[in-house]
Amino acid sequence: MPLKDPIIAELQHEAANTRKMLERVPEDKHSWKPHEKSMTLGRLASHVAELPMWVVNTVENDELDFAKGEYKPFFAETNKELLKTFDDSISKSIEALKKATDENLMGNWKLRSGDQVYFEMPRVAVIRAMVLSHLIHHRGQLSVYLRLQEVPLPSVYGPTADESM
């Protein structure tokens with residue numbers, strides 16, 4: 001089985017759970033944050049929506065260099081824009097993965113800022129750690145933000161206090 005197949009399956013599974021969470025972001029609370037050091041709800045939701053696009057960058061490039069200023073964080077003004085960006089991110093990521101070969105996925109990818117290299121590892125590991133795990137981590141944060149706003153939480157890996165499976 002090609003390496004891309006289980007990655008695509010996991011991405012699709014996590015996308016369905018993530019979209020349920022993004023659908024519940026209260027548009028009138030985008031500027032709210034639980035602590036002065038925290039991201040706003042809108043910024044966090046926007047980051048969750050854009051994270052899958054990192055698959056495309058990882059598959060199609062050898063590195064991301066923050067010093068070049070090419071990465072611009074996405075910020076959704078509306079929930080319609082938030083969900084469209086997420087859906088597009090998932091679609092484009094799956095298409096990039098479908099074109100990837102095992103050789104490409106086992107090739108190294110680097111995250112850096114100029115001369116400072118944060119890490120270098122095989123693309124398949126980057127997708128697992130910096131995209132999927134990163135997405136799941138921030139989705140968990142988003143669930144806390146939503147709970148603090150009294151938004152009923154969807155089931156993700158099991159029932160919540162608000163929703164059964």
Is any side-chain heavy atom of [X] closer than 4.5 Å to a side-chain heavy atom of [Y]?
| X | Y | result |
| --- | --- | --- |
| Met1 | Pro6 | yes |
| Leu41 | Ser31 | no |
| Met39 | His138 | yes |
| Val144 | Pro34 | no |
| His30 | Asn79 | yes |
| Glu81 | Phe74 | yes |
| Val156 | Arg139 | yes |
| Val59 | Ile127 | yes |

Please find the pair of heavy atoms, one from [X] and one from [Y], that lie closest to each other, and give the distance.
| X | Y | answer |
| --- | --- | --- |
| Arg24 | Leu153 | NH1-C, 3.5 Å |
| Ala96 | Glu60 | CB-OE2, 4.2 Å |
| Pro159 | Ser164 | CB-CA, 3.9 Å |
| Gly140 | Ser143 | O-OG, 2.6 Å |
| Leu146 | Pro26 | CD2-CD, 3.7 Å |
| Arg43 | Thr40 | N-OG1, 3.0 Å |

Quick one: do [X] and [Y] end up in the same hydrophobic cluster if we chain Ile, Leu, Val, Met, Phe, Trp and Tyr together by side-chain heavy atoms under 4.5 Å apart?
| X | Y | value |
| --- | --- | --- |
| Val117 | Tyr71 | no |
| Leu142 | Met53 | no |
| Val56 | Ile7 | no |
| Phe75 | Tyr145 | no |

Legend entry - Chi angles and distances behind the side-chain contact (heavy atoms from CB on, under 4.5 Å) call for Val124, Arg128: CA-CA 6 Å; Val124 69; Arg128 184 68 192 92; 6.0 Å; no
Would the distance check show the side chain of [X] and the main-chain N or O of [Y] forming a donor-acceptor pair, the cut-off being under 3.5 Å?
| X | Y | result |
| --- | --- | --- |
| Lys92 | Glu95 | no |
| Ser46 | Ala76 | yes |
| Lys4 | Lys98 | yes |
| Lys80 | Glu77 | no |
| Ser91 | Asp87 | no |
| Ser89 | Ala49 | yes |

Inset, instruction - Show your working on side-chain contact (heavy atoms from CB on, under 4.5 Å) between Leu148 and Trp32 and close with a plain yes or no. - result: CA-CA 10 Å; Leu148 292 172; Trp32 179 85; 3.7 Å; yes
Inset, instruction - Would you mind checking if Arg123 and Asp62 are paired as a salt bridge, meaning a charged N to carboxylate O distance below 4.0 Å? - result: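 So Asp62 pairs with Arg123 through a salt bridge.
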Legend entry - Arg19/Glu23 salt bridge by N-O under 4.0 Å criterion: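 Arg19 and Glu23: salt-bridged.
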What distance do [X] atom [atom1] and [Y] atom [atom2] have between them, rounded to the nearest 0.5 Å?
| X | Y | atom1 | atom2 | value |
| --- | --- | --- | --- | --- |
| Leu11 | Leu97 | CG | CG | 6.5 Å |
| Ser93 | Leu51 | OG | CG | 10.0 Å |
| Glu63 | Thr58 | CD | OG1 | 12.0 Å |
| Leu3 | Asp102 | CG | CG | 4.0 Å |
| Leu83 | Asp88 | CG | CG | 11.0 Å |
| His134 | His137 | NE2 | NE2 | 6.5 Å |

Counting only heavy atoms from other residues, nucleotides and ligands, does the tally under 6.0 Å from [atom1] of [X] exceed 12?
| X | atom1 | result |
| --- | --- | --- |
| Met121 | CE | yes |
| Lys29 | NZ | no |
| Asp115 | CG | no |

Inset, instruction - Run the numbers on Asp162 and Arg147 for side-chain contact (heavy atoms from CB on, under 4.5 Å), then give the verdict. - result: CA-CA 10 Å; Asp162 305 305; Arg147 173 64 73 212; 2.7 Å; yes
Inset, instruction - Using distance alone, with no hydrogens and no angle criterion, decide if Glu10 and His13 have a side-chain donor and acceptor under 3.5 Å apart. - result: no
Inset, instruction - Begin from the C-alpha positions of Lys110 and Asp65 and carry the test salt bridge (Lys or Arg N to Asp or Glu O under 4.0 Å) through to its verdict. - result: CA-CA 8 Å; Lys110 192 180 300 183; Asp65 185 350; over 6 Å; no
Inset, instruction - Just say parallel, tilted or perpendicular for the rings of Phe119 and Trp109, cut-offs at 30° and 60°. - result: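 The arrangement is tilted - the two ring planes meet at 30° to 60°.
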